[in-house]
Amino acid sequence: MAWTGYQKFLALMMVITGSINTLSTNWADQIHSKGSDGQDRLFNHPFLQASAMFLGEILCLLTFKLIYFKTRNTGGHSLTQGSQNFNPFILMPAAMFDLIGTSIMYIGLNLTYPSSFQMFRGSIIIFVAVLSTTFLDRYIIRREWLGIAYVTLGLLIVGLTDALYQSPGETKGRNSLITGDLLIIVAQVVSACQMVYEEKYVSGLNIPPLQAVGWEGVFGFSVLSVLLVIFYWVPAPPHFGHNPRGTVEDAIDGLIQIGNSPLLMFAVLGTIVSIAFFNFAGISVTKEMSATHRMILDSIRTLVIWVVSLAVKWQVFHWQHIIGFAILIAGMCEYNGILPRCFVRRAPDDQARVVNTEADSLEEA
């Protein structure tokens with residue numbers, strides 16, 4: 001079945017905005033700007049960047065409200081269909097999982113490559129499967145176990161490549177890459193908890209996905225805003241605090257850096273706007289096509305991020321990443337049942353032999 005023009009538009013939007021989201025966040029980490037102490041330094045404010053992501057999710061709620069009020073007298077829109085009778089606080093735990101996972105991921109992104117960041121996010125399949133068997137009483141079939149094995153192998157290749165192969169042009173040290181990759185894996189455990197919680201307690205409520213994402217953004221941004229005040233006074237562990245105060249997060253310093261650099265402001269705005277459009281496109285792709293199409297497009301996004309990172313020299317090319325990426329994608333496809341199955345056809349003589357054997361058995365009976 002050929003795609004419609006609208007479906008092609010959604011697919012393109014998802015790939016582009018999803019790629020921009022990761023690339024703009026990493027770009028912000030590469031920009032020097034004058035801070036609150038008057039010194040030029042790299043922008044290293046993962047918790048402030050996480051709050052920017054939640055702002056983007058809040059835009060999804062505003063979009064939902066706009067579509068809802070615009071189409072309520074004309075039968076509604078597919079993106080607004082669902083139950084409006086629910087307690088928004090049912091989404092609070094999911095928002096907290098999102099807050100913790102996103103903050104850890106942004107710390108990891110600052111320490112590793114954007115492509116490794118995106119590839120290691122694929123490990124969420126492993127943790128969702130394990131948690132689903134425990135909390136959702138789900139049975140993992142053989143095909144899914146095989147997909148998990150492929151994903152694990154692909155991630156091992158990517159991780160070992162980051163850890164073992166260092167070229168003269170590398171901008172990040174080995175310890176930084178290993179720590180960043182491990183943090184991203186930890187973040188996927190938290191994100192898997194979010195997905196399992198949403199499936200167990202939220203999916204049955206038939207909440208419009210765009211509205212659910214928006215409410216999670218509201219809760220996440222509200223809680224993180226309070227944490228930013230607390231983190232402003234909490235001393236950071238060694239090798240972690242890179243702001244003038246040496247605290248876990250100095251949001252004031254981050255905002256001053258953003259105000260002193262138009263490029264940095266553009267990168268942060270790119271994160272906010274892209275996450276809103278990416279969520280909108282992802283939900284729309286799932287509704288208009290399928291979750292499988294969404295997964296395939298997300299894999300294409302990983303490839304785009306990797307190619308762009310190489311083009312702008314954010315990382316050095318390692319051919320082992322290609323192997324790891326290919327195995328990782330194969331694992332995702334196998335897990336979701338996308339890979340074609342090979343069936344062995346019996347030869348005519350073999351089929352006749354089977355028929356004759358069955359007939360003989362019937363006669364003996």
Side-chain donor-acceptor pairs of residues 215-235 under 3.5 Å, sequence neighbours excluded:
residue : atom : partner : partner atom : Å
E216    : OE1  : Q194    : NE2          : 3.3
S222    : OG   : V218    : O            : 2.7
S225    : OG   : F221    : O            : 2.7

(request) Would you please say whether a donor-acceptor pair under 3.5 Å links the side chains of N206 and S83? (result) no

(request) Kindly compute the distance separating CD1 (I272) from CZ (F277), expressed to the nearest 0.5 Å. (result) 13.0 Å

(message) Under a 3.5 Å distance rule, please check whether R301 uses its side chain to pair with a backbone N or O of S19 as donor and acceptor.
(response) no

(message) Working note: S24 + T271, criterion side chain to side chain donor-acceptor pair (under 3.5 Å); need CA distance, chi angles, decisive distance, verdict.
(response) CA-CA 6 Å; S24 61; T271 299; 3.2 Å; yes

(request) Give a yes or no on whether F89 atom CZ has more than 12 heavy-atom contacts from other residues, nucleotides or ligands under 6.0 Å away. (result) no

(message) For I256, is there any backbone N or O sitting under 3.5 Å from a side-chain donor or acceptor partner on N260?
(response) yes

(request) Determine yes or no for a side-chain-to-main-chain donor-acceptor pair under 3.5 angstrom, with Q118 supplying the side chain and S115 the backbone. (result) no

(request) Could you walk me through whether Y106 and T25 pass side chain to side chain contact (heavy atoms under 4.5 Å, CB included), step by step? (result) CA-CA 8 Å; Y106 281 172; T25 303; 3.9 Å; yes

(request) Check each of L155, T152, L153 against L328 using the side chain to side chain contact (heavy atoms under 4.5 Å, CB included) test, and report the only one that passes. (result) L155

(message) If you compare all heavy atoms of G101 against all heavy atoms of A187, which two are closest, and at what distance to 0.1 Å?
(response) O-CB, 3.4 Å

(request) Calculate, to the nearest 0.5 Å, the distance between atoms CD1 and CE belonging to I31 and M265 respectively. (result) 11.5 Å

(request) Determine yes or no for a side-chain-to-main-chain donor-acceptor pair under 3.5 angstrom, with Q7 supplying the side chain and T4 the backbone. (result) yes

(message) One pair to check against side chain to side chain contact (heavy atoms under 4.5 Å, CB included): Y197 and I90. What are the steps and the verdict?
(response) CA-CA 10 Å; Y197 172 84; I90 192 70; 3.8 Å; yes

(message) Please enumerate all residues that pass side chain to side chain contact (heavy atoms under 4.5 Å, CB included) together with E199, with sequence neighbours excluded.
(response) L136, R138, S203

(message) Pairing donors with acceptors under 3.5 angstrom, does anything connect the side chains of H32 and Q257?
(response) no

(request) Could you tell me whether Y139 atom OH has more than 12 heavy atoms of other residues or ligands within 6.0 Å of it? (result) no

(message) Distance alone, cut at 3.5 Å: any donor-acceptor contact between the side chains of Q49 and D29?
(response) yes

(request) Any chance you could measure L48, atom CG, to N243, atom CG, to the nearest 0.5 Å? (result) 11.0 Å

(request) Could you tell me the separation between the CE atom of M13 and the CG atom of L297, rounded to the nearest 0.5 Å? (result) 12.5 Å

(message) Parallel, tilted or perpendicular: which one describes the rings of Y68 and F64, with boundaries at 30° and 60°?
(response) parallel

(message) How about CG on N87, more than 12 heavy atoms from neighbouring residues, nucleotides or ligands closer than 6.0 Å, or not?
(response) yes

(request) Output yes when a side-chain donor or acceptor of T179 lies under 3.5 Å from a complementary backbone atom of S176, and no otherwise. (result) no

(message) A212: which residues meet the side chain to side chain contact (heavy atoms under 4.5 Å, CB included) condition with it, sequence neighbours left out?
(response) L91, I207

(request) Please check if the distance between the ring centroids of F43 and H45 is under 6.0 Å. (result) yes

(message) If you compare all heavy atoms of F97 against all heavy atoms of V190, which two are closest, and at what distance to 0.1 Å?
(response) O-CG1, 3.2 Å

(request) Could you verify whether a donor N or O on one side chain and an acceptor N or O on the other, from T112 and D181, lie under 3.5 Å apart? (result) yes

(request) Using modelled atom types only, decide if a donor and an acceptor are shared between the side chain of S103 and the backbone of I100 within a distance under 3.5 Å. (result) no

(message) Assess, by modelled atom type and distance only, whether the side chains of S123 and Q188 contain a donor and an acceptor separated by less than 3.5 Å.
(response) no

(message) Taking I275's backbone N and O only, do any of them form a donor-acceptor pair with N279's side chain (distance below 3.5 Å, no angle check)?
(response) yes

(request) For the pair D253 and R41, evaluate salt bridge (charged side-chain N to carboxylate O under 4.0 Å, His left out) and give the outcome as yes or no after the intermediate values. (result) CA-CA 11 Å; D253 178 68; R41 68 173 63 83; 3.6 Å; yes

(request) Calculate, to the nearest 0.5 Å, the distance between atoms CE and OG1 belonging to M119 and T161 respectively. (result) 9.5 Å

(message) Please give me the minimum heavy-atom distance between P114 and W314, naming the atom from each residue.
(response) CG-CE3, 3.9 Å

